[in-house]
Undergrad: 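First, the structure itself, so that you have it in front of you.
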Amino acid sequence: MEHVKELLQSRIEKINDPVQRILLQDVLVDVFMELLHYSDKQFENLEKRLDAEIQGSSGLYNIYTGICKRKNIDNTSRCLFEMDAREEYGKGYLGKLFIACDYPSIRNYMEHTYNAKVYTGQGDYKTTVSLNYCREYIKIIENLYRQFNKNQKQWHTINCPFIYKLLAVFDIKGVVPEHADIQRVEIKGLENPVINDVAVVWNIKKEIHKTLAEAAPAGSEEVYIHKIGLEDTNAGYLAVPEGEDIFQTIFSWDSLYVRTRKEAHQNIGLLKIASIDRDKDLTGLLYPLQTNKRKLRHADRQALASPRFICTKGEIERIISSYEVSDEFDLIDICMDLKETVPVLDMNYFIKSHSLLKPKRRISLILHPKNNTDIFRYEKMFFLLAELQLYTDEFEWTGVLKD
């Protein structure tokens with residue numbers, strides 16, 4: 001509205017005669033303003049109609065992640081659930097710790113070994129330990145990527161910086177008995193940044209639904225069509241039919257149809273991606289929720305249906321600014337072939353590169369974090385880089401934080 005007033009003011013100021021100025025003001029306000037409002041309204045309606053025809057722009061598949069003390073999980077929450085990670089590490093595994101420090105410090109911790117005291121139900125032990133990322137959480141992200149592909153849904157990197165602060169502890173000397181009841185691990189030199197007994201939460205929950213299948217012909221084959229009623233139509237869903245590598249999903253406004261080829265299933269698993277409603281959640285989070293949500297403007301929605309070519313600096317800026325997490329950075333510059341100061345963490349390591357161009361040219365984002373004390377600022381930058389990497393295979397995206 002302000003730009004319209006400035007436009008009218010600039011036209012009126014060009015008239016010196018006060019009588020003509022008043023007449024022009026009346027004409028512009030009464031006629032021209034109405035035309036502008038009508039034109040803006042028509043463009044807005046056109047954008048809405050075009051946006052409604054684009055699949056995948058509804059936001060049902062936005063994923064939120066957080067971390068909390070295990071005792072502060074809200075078991076009645078309708079939108080945040082514990083990320084179920086139960087992989088066994090085997091011999092030497094002593095547990096996991098949340099290290100509340102930034103990415104360069106985490107890398108430094110993983111490059112060294114430490115003296116530790118392990119408290120168990122059978123006694124206390126002194127040993128030497130090493131630290132590494134908790135692979136079970138990263139494996140969960142990889143499995144989710146597989147399900148997105150099987151359901152023919154567009155994949156977006158999961159913005160979960162918390163799992164890159166969780167480090168698994170290993171007894172490299174084999175001092176602690178293999179089946180000891182481990183109660184606590186104290187690592188010399190890591191007393192202050194360590195937070196014990198934490199859980200990663202996100203808005204994804206696995207559900208099992210009973211279903212009845214109907215056989216239907218499909219050319220020379222027979223397929224099975226399963227109808228699943230959906231109570232929560234504000235959530236996104238991914239089908240996980242057991243034993244089916246290739247299947248199809250079709251959504252109606254209140255139902256999901258799953259078409260399989262191998263067999264008719266009495267029960268089908270669904271991954272429910274719940275919409276966030278903090279009024280119905282009492283989880284005691286240690287840090288604010290993080291998300292891969294995008295603020296889709298009309299140009300962003302139109303780009304969803306277009307080939308992913310990045311040719312200009314302006315296009316890179318548009319893509320970056322569409323992500324909610326970008327509000328925490330100022331984009332300073334975009335440079336070619338600039339050597340990064342910190343190695344980039346690949347958040348989509350499981351996506352294989354098929355580029356024949358070697359070596360790849362580097363594109364570096366130079367970002368200024370608005371909060372220099374945020375321990376997750378590097379991981380948030382790596383999330384933006386991982387999303388840009390999905391757009392192009394011929395470039396290698398890197399980043400530099402300028403504090």
Side-chain angles (χ1 to χ4, degrees), residues 65-77 80-143 158 160-202 204 281-290 345 373-379:
T65 62
I67 195 164
C68 64
K69 298 284 284 186
R70 193 168 296 278
K71 65 180 181 180
N72 293 330
I73 294 177
D74 180 9
N75 293 320
T76 64
S77 176
L80 286 180
F81 318 99
E82 184 176 358
M83 187 181 288
D84 189 15
R86 299 179 180 177
E87 182 176 338
E88 295 293 335
Y89 278 96
K91 188 176 180 180
Y93 175 66
L94 301 178
K96 56 180 176 285
L97 301 173
F98 181 85
I99 313 293
C101 58
D102 62 13
Y103 174 71
S105 299
I106 292 286
R107 284 185 57 87
N108 180 63
Y109 291 146
M110 292 192 296
E111 292 172 357
H112 296 83
T113 59
Y114 298 88
N115 295 324
K117 188 173 183 179
V118 183
Y119 298 86
T120 75
Q122 294 77 34
D124 304 338
Y125 301 88
K126 292 183 178 180
T127 186
T128 302
V129 298
S130 63
L131 305 171
N132 210 334
Y133 285 130
C134 291
R135 65 188 182 200
E136 70 267 32
Y137 291 103
I138 300 175
K139 192 70 176 179
I140 287 176
I141 301 298
E142 179 180 356
N143 291 336
I158 305 302
C160 188
F162 312 105
I163 64 175
Y164 302 103
K165 308 297 185 190
L166 280 166
L167 300 184
V169 185
F170 292 92
D171 175 12
I172 60 177
K173 287 189 174 180
V175 173
V176 181
E178 185 173 351
H179 300 290
D181 178 20
I182 299 173
Q183 299 173 348
R184 191 169 83 256
V185 179
E186 289 184 358
I187 302 176
K188 187 176 181 180
L190 292 181
E191 292 84 358
N192 291 330
V194 171
I195 303 177
N196 290 294
D197 198 27
V198 297
V200 181
V201 295
W202 62 352
I204 299 181
D281 174 72
L282 299 176
T283 303
L285 297 170
L286 294 173
Y287 300 94
L289 286 177
Q290 298 301 310
L345 175 65
T373 62
D374 182 9
I375 64 172
F376 304 109
R377 62 190 184 279
Y378 280 93
E379 286 83 3

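Predicted model only: the values in this text are computed from it and were never measured.
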Undergrad: Counting C-beta onward and ignoring hydrogens, is there a side-chain heavy-atom pair between Leu131 and Ile187 closer than 4.5 Å?
TA: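 The answer is yes, as the side chains (C-beta and beyond) meet within the 4.5 Å cut-off.
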
Undergrad: Any idea which heavy atoms bring Cys68 and Leu286 closest together, and the distance?
TA: CA-CG, 4.0 Å

Undergrad: What's the shortest heavy-atom distance between Arg70 and Val198, and which atoms?
TA: NH2-O, 3.2 Å

Undergrad: Going by the rule salt bridge (Lys or Arg N to Asp or Glu O under 4.0 Å), which residues pair with Glu178 if we only count those two or more places apart in sequence or in a different chain?
TA: none

Undergrad: To the closest 0.5 Å, what do you measure between CH2 (Trp202) and CD1 (Ile67)?
TA: 14.0 Å

Undergrad: Step by step, would you call Val118 with Asp124 a side-chain contact (heavy atoms from CB on, under 4.5 Å)?
TA: CA-CA 6 Å; Val118 183; Asp124 304 338; over 6 Å; no

Undergrad: I need the Asn115 CG to Thr113 OG1 distance, nearest 0.5 Å.
TA: 7.5 Å

Undergrad: Which pair of heavy atoms, one from Ala168 and one from Cys134, lies closest together, and at what distance?
TA: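 Between these two residues, the closest heavy atoms are N-SG, 3.5 Å.
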
Undergrad: Quick check for you: to the nearest 0.5 Å, what is the distance between His112 atom NE2 and Arg107 atom CZ?
TA: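 One finds 12.0 Å between NE2 of His112 and CZ of Arg107.
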
Undergrad: Would the distance check show the side chain of Gln122 and the main-chain N or O of Asp181 forming a donor-acceptor pair, the cut-off being under 3.5 Å?
TA: yes

Undergrad: Is any side-chain heavy atom of Thr65 less than 4.5 Å from a side-chain heavy atom of Leu289?
TA: no

Undergrad: What I'd like to find out is whether the side chain of Cys101 reaches to under 4.5 Å of the side chain of Tyr109, using heavy atoms alone.
TA: yes

Undergrad: Which residues pass the ring-ring contact (aromatic ring centres under 6.0 Å, His included) test with Phe376, not counting sequence neighbours?
TA: Phe162, Tyr287

Undergrad: Does the side-chain contact (heavy atoms from CB on, under 4.5 Å) test come out yes or no for Leu94 and Tyr125, once each step is laid out?
TA: CA-CA 12 Å; Leu94 301 178; Tyr125 301 88; over 6 Å; no

Undergrad: Is there a side-chain contact between Ile141 and Ile163 (heavy atoms, below 4.5 Å)?
TA: yes

Undergrad: Does the side chain of Leu345 reach to within under 4.5 Å of the side chain of Tyr133, using non-hydrogen atoms?
TA: yes

Undergrad: To the nearest 0.5 Å, what is the distance between CG on Leu285 and CD1 on Ile73?
TA: 10.5 Å

Undergrad: Applying salt bridge (Lys or Arg N to Asp or Glu O under 4.0 Å), name anything that partners Asp74, two or more places apart in sequence or on another chain.
TA: none

Undergrad: Side-chain contact test, heavy atoms from C-beta onward, threshold under 4.5 Å: evaluate it for Asn196 versus Leu97 and give yes or no.
TA: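 Answer yes - side chains close enough.
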
Undergrad: Which heavy-atom pair separates Tyr93 from Ile182 by the least distance, and what is that distance?
TA: O-CD1, 4.0 Å

Undergrad: For the CD1 atom of Ile106 and the OH atom of Tyr378, what is their distance to the nearest 0.5 Å?
TA: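 The CD1 atom of Ile106 sits 13.0 Å away from the OH atom of Tyr378.
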
Undergrad: Sequence neighbours excluded, which residues qualify as salt bridge (Lys or Arg N to Asp or Glu O under 4.0 Å) partners of Asp374?
TA: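 Testing Asp374 for salt bridge (Lys or Arg N to Asp or Glu O under 4.0 Å), a comparison that skips the adjacent residues, returns Lys380.
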
Undergrad: With sequence neighbours left out, what residues match Glu186 under side chain to side chain donor-acceptor pair (under 3.5 Å)?
TA: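 Side chain to side chain donor-acceptor pair (under 3.5 Å) list for Glu186, sorted by chain: Tyr119, Arg184.
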
Undergrad: Quick one about Ser105 and Asp102 (side-chain donor to acceptor, distance below 3.5 Å, no hydrogens or angles considered), yes or no?
TA: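 Present: a donor and an acceptor within the cut-off.
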
Undergrad: Evaluate the side-chain proximity of Lys188 to Tyr114: yes if any heavy-atom separation is below 4.5 Å, no if none is.
TA: no

Undergrad: For the pair Thr283 and Asn72, evaluate side-chain contact (heavy atoms from CB on, under 4.5 Å) and give the outcome as yes or no after the intermediate values.
TA: CA-CA 6 Å; Thr283 303; Asn72 293 330; 5.7 Å; no

Undergrad: Looking only at atom types and distance, does a side-chain atom of Lys69 sit under 3.5 Å from a main-chain N or O of Asp197, one as donor and one as acceptor?
TA: no

Undergrad: Nearest heavy-atom pair of Leu167 and Met110: which atoms, and what distance?
TA: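 Reported closest heavy-atom pair: CD2-SD, 4.0 Å.
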
Undergrad: Restricting to salt bridge (Lys or Arg N to Asp or Glu O under 4.0 Å), what partner residues turn up for Glu142, sequence neighbours left out?
TA: Lys139, Arg146

Undergrad: With heavy-atom distances below 4.5 Å as the criterion, would you say the side chains of Gln290 and Pro161 are in contact?
TA: yes

Undergrad: Of the non-hydrogen atoms in Met83 and Cys160, which two are nearest, and what is the gap between them?
TA: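 Closest heavy-atom pair between Met83 and Cys160: CE-SG, 4.5 Å.
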
